[in-house]
Amino acid sequence: MCGIVGIVGKSNVNQALYDALTVLQHRGQDAAGIVTSHDGRLFLRKDNGLVRDVFHQRHMQRLVGHMGIGHVRYPTAGSSTSAEAQPFYVNSPYGITLAHNGNLTNVEQLAKEIYESDLRHVNTSSDSEVMLNVFAHELAQRGKLQPTEEDVFAAVTDVHNRCVGGYSVVAMITGYGIVGFRDPHGIRPIVFGQRHTDEGVEYMIASESVSLDVLGFTLIRDLAPGEAVYITEDGKLHTRQCATNPSLTPCIFEHVYLARPDSIIDGISVYKARLRMGEKLAEKILRERPDHDIDVVIPIPDTSRTAALELANHLGVKFREGFVKNRYIGRTFIMPGQAARKKSVRQKLNAIELEFRGKNVMLVDDSIVRGTTCKQIIQMAREAGAKNVYFCSAAPAVRYPNVYGIDMPSAHELIAHNRSTQDVADLIGADWLIYQDLPDLIEAVGGGKIKIEQFDCAVFDGKYVTGDIDEAYLNRIENARNDASKAKTQAVSAIIDLYNN
């Protein structure tokens, strides 16, 4: 789950790109990058770290041009070396840079095709670089000195025909324009909008609508599955459906955790979806324990706050903020490596004893993935004097790996995999554990004014919408992407970075 942005403006876009990336920082804390175009030249800055740490004044002054793209990354595979920071660049044809959110499930086949048939070299283990080379090759096949929108859309069509998985992409063709496109299933989100200035209309493409809001852009709409938008350097907007059989099956976990609550994805307010999650949880609690003894509902900051508030309202129970969050510690879920996640929990949260002492406490979190964080938080609640600690997950049990760009790589690292609810409750130390039911989650997210018939719920039900995932594939990614493999790869990468620097 990365964050992407592209802007075609009427003046320098470096500050706007920077501001957009800070708004999208929740989607990735591992690396950040911006590339701009001016007079046929590219200006690139990217490195590991948060947006505020990667870009200093001297870097911003060099990022000139009224067109550019940006990226914030968190690693789902391989290492977190700076070599894999995005955007990526190829010089042929035209000079193309690309930033990508998601994951290609046929990347091994594509990498082989790129080398053997397309005669292109890939320098990293990132599937984003593979995607870039596929797009560049297909655009080069048009054989034009100056590409038209017809050439761009034809190239995107060929990308869809070759690439499988979940992806949203922004790419800049130096001197010509910016293109954004979305996979034929619409798994990963992407929106575009516009704003009017004294110089004319400016356009922006981004992962979430909130980044448009903050910069004063008006949301036009989400890209449809398989659709592409092409904005020429002089500000002309073109859109086209580039997939043969598109079907909207967006990732439901965007609404559970990934997206900001003030975003709108596929016409659905993330905030309202989370309110409805709280309502559904309250209904389940009242069905299972109508005589419950919950004294207080306490959210685990920040993502679960909206659902927890509505849950408390429907139960008629007090809602209290029982944990104070250190806002200078990043999102635990997207930290690379289990060791970093474990270390950060107690640095990140501190309990207010007053809200726990002698009470039956219902803790609410957005989901339970590995179980490490909630286990420590439950222990903190007990140390603060809670009489009983109940735990509520706004999402169903996460039992299966994610293959479309979320860091849930290995089944054996998922606490609910092959375990009952009581087993998980015992492991995390909860006196009572309640999960959201999947039909209720689907109703909560898709039950508003905008109806979506199907979501990608693979992490909950093991049904992968691209239809190409089997046990052999899951075993391969487990070997490549589990925490032990990451730790080994990161150690090697750190040595390489130290040597190169």
Side-chain angles (χ1 to χ4, degrees), residues 1-9 13 16-17 20 23-24 27 67 69-70 99-102 149 152-153 156-157 159-160 166-172 177-197 200-232 235-252 254-255 258-273 445-456 465:
M1 105 184 172
C2 300
I4 59 174
V5 60
I7 299 176
V8 177
V13 296
L17 289 168
V23 176
L24 295 172
R27 299 190 68 88
M67 181 172 70
I69 63 174
H100 162 229
N101 171 33
E149 64 271 17
V152 171
F153 291 139
V156 173
T157 298
V159 169
H160 289 328
Y167 52 87
S168 59
V169 175
V170 290
M172 181 168 64
I178 289 178
V179 58
F181 55 92
R182 191 180 189 186
D183 71 82
H185 294 278
I187 297 172
R188 300 263 70 87
I190 183 170
V191 299
F192 66 102
Q194 65 180 16
R195 71 179 177 187
H196 295 270
T197 69
V201 180
E202 299 180 320
Y203 291 98
M204 179 175 174
I205 307 167
S207 293
E208 294 184 32
S209 64
V210 63
S211 55
L212 276 68
D213 299 339
V214 169
L215 272 71
F217 283 78
T218 300
L219 173 67
I220 296 175
R221 59 180 174 85
D222 299 78
L223 278 181
E227 188 183 20
V229 56
Y230 178 52
I231 306 157
T232 61
K236 292 184 175 62
L237 177 75
H238 309 271
T239 62
R240 183 167 304 176
Q241 177 54 253
C242 297
T244 306
N245 295 302
S247 62
L248 182 59
T249 51
C251 174
I252 203 166
E254 289 279 353
H255 294 273
L258 303 184
R260 273 182 43 156
D262 43 349
S263 283
I264 297 173
I265 299 178
D266 294 311
I268 298 170
S269 164
V270 176
Y271 177 75
K272 287 187 176 180
V445 177
K449 292 180 180 179
I450 304 296
K451 302 290 184 181
I452 295 180
E453 298 298 326
Q454 184 180 0
F455 289 93
D456 165 43
V465 298

Could you tell me whether a side-chain N or O of [X] sits under 3.5 Å from a main-chain N or O of [Y], the two making a donor and an acceptor?
X: D183; Y: H185; answer: yes
X: D456; Y: C251; answer: no
X: T239; Y: V229; answer: no
X: Q241; Y: A243; answer: yes
X: H160; Y: G226; answer: yes

A side-chain contact here means heavy atoms from C-beta on lying under 4.5 Å apart; do [X] and [Y] qualify?
X: R260; Y: V270; result: no
X: H238; Y: K236; result: yes
X: I231; Y: I205; result: yes
X: V23; Y: V5; result: no

Mind checking the [atom1]-[atom2] spacing from [X] to [Y]? Nearest 0.5 Å is all I need.
X: I187; Y: F455; atom1: CD1; atom2: CZ; answer: 13.0 Å
X: L17; Y: I69; atom1: CG; atom2: CD1; answer: 9.0 Å
X: R188; Y: L258; atom1: CZ; atom2: CG; answer: 6.0 Å
X: I190; Y: R182; atom1: CD1; atom2: CZ; answer: 8.0 Å
X: M204; Y: S211; atom1: CE; atom2: OG; answer: 4.0 Å
X: H255; Y: K272; atom1: NE2; atom2: NZ; answer: 13.5 Å

How close do [X] and [Y] get, counting heavy atoms only, and between which atoms?
X: R195; Y: E202; result: NE-OE1, 2.7 Å
X: P250; Y: D266; result: CB-OD2, 3.5 Å
X: V191; Y: I264; result: CG1-O, 4.5 Å
X: V170; Y: G6; result: CG1-N, 4.3 Å
X: P189; Y: I265; result: CB-CG2, 4.0 Å
X: S263; Y: V210; result: OG-CG1, 3.2 Å

Just jot down the ring-ring contact (aromatic ring centres under 6.0 Å, His included) partners of F192, sequence neighbours excluded, or say none.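 Not a single residue meets the ring-ring contact (aromatic ring centres under 6.0 Å, His included) criterion with F192.
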Applying side-chain hydrogen bond (donor to acceptor under 3.5 Å, both in side chains), can you list everything that pairs with E227, at least two apart in sequence or on another chain?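 E227: side-chain hydrogen bond (donor to acceptor under 3.5 Å, both in side chains) contacts with R221.
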Taking it one step at a time, do D213 and D262 satisfy side-chain contact (heavy atoms from CB on, under 4.5 Å)? CA-CA 9 Å; D213 299 339; D262 43 349; 5.8 Å; no
Go through E149 and R240 one step at a time and tell me if the salt bridge (Lys or Arg N to Asp or Glu O under 4.0 Å) criterion holds. CA-CA 10 Å; E149 64 271 17; R240 183 167 304 176; over 6 Å; no
M67 and Y203: CA distance, side-chain angles, deciding distance, side-chain contact (heavy atoms from CB on, under 4.5 Å) verdict: CA-CA 10 Å; M67 181 172 70; Y203 291 98; over 6 Å; no
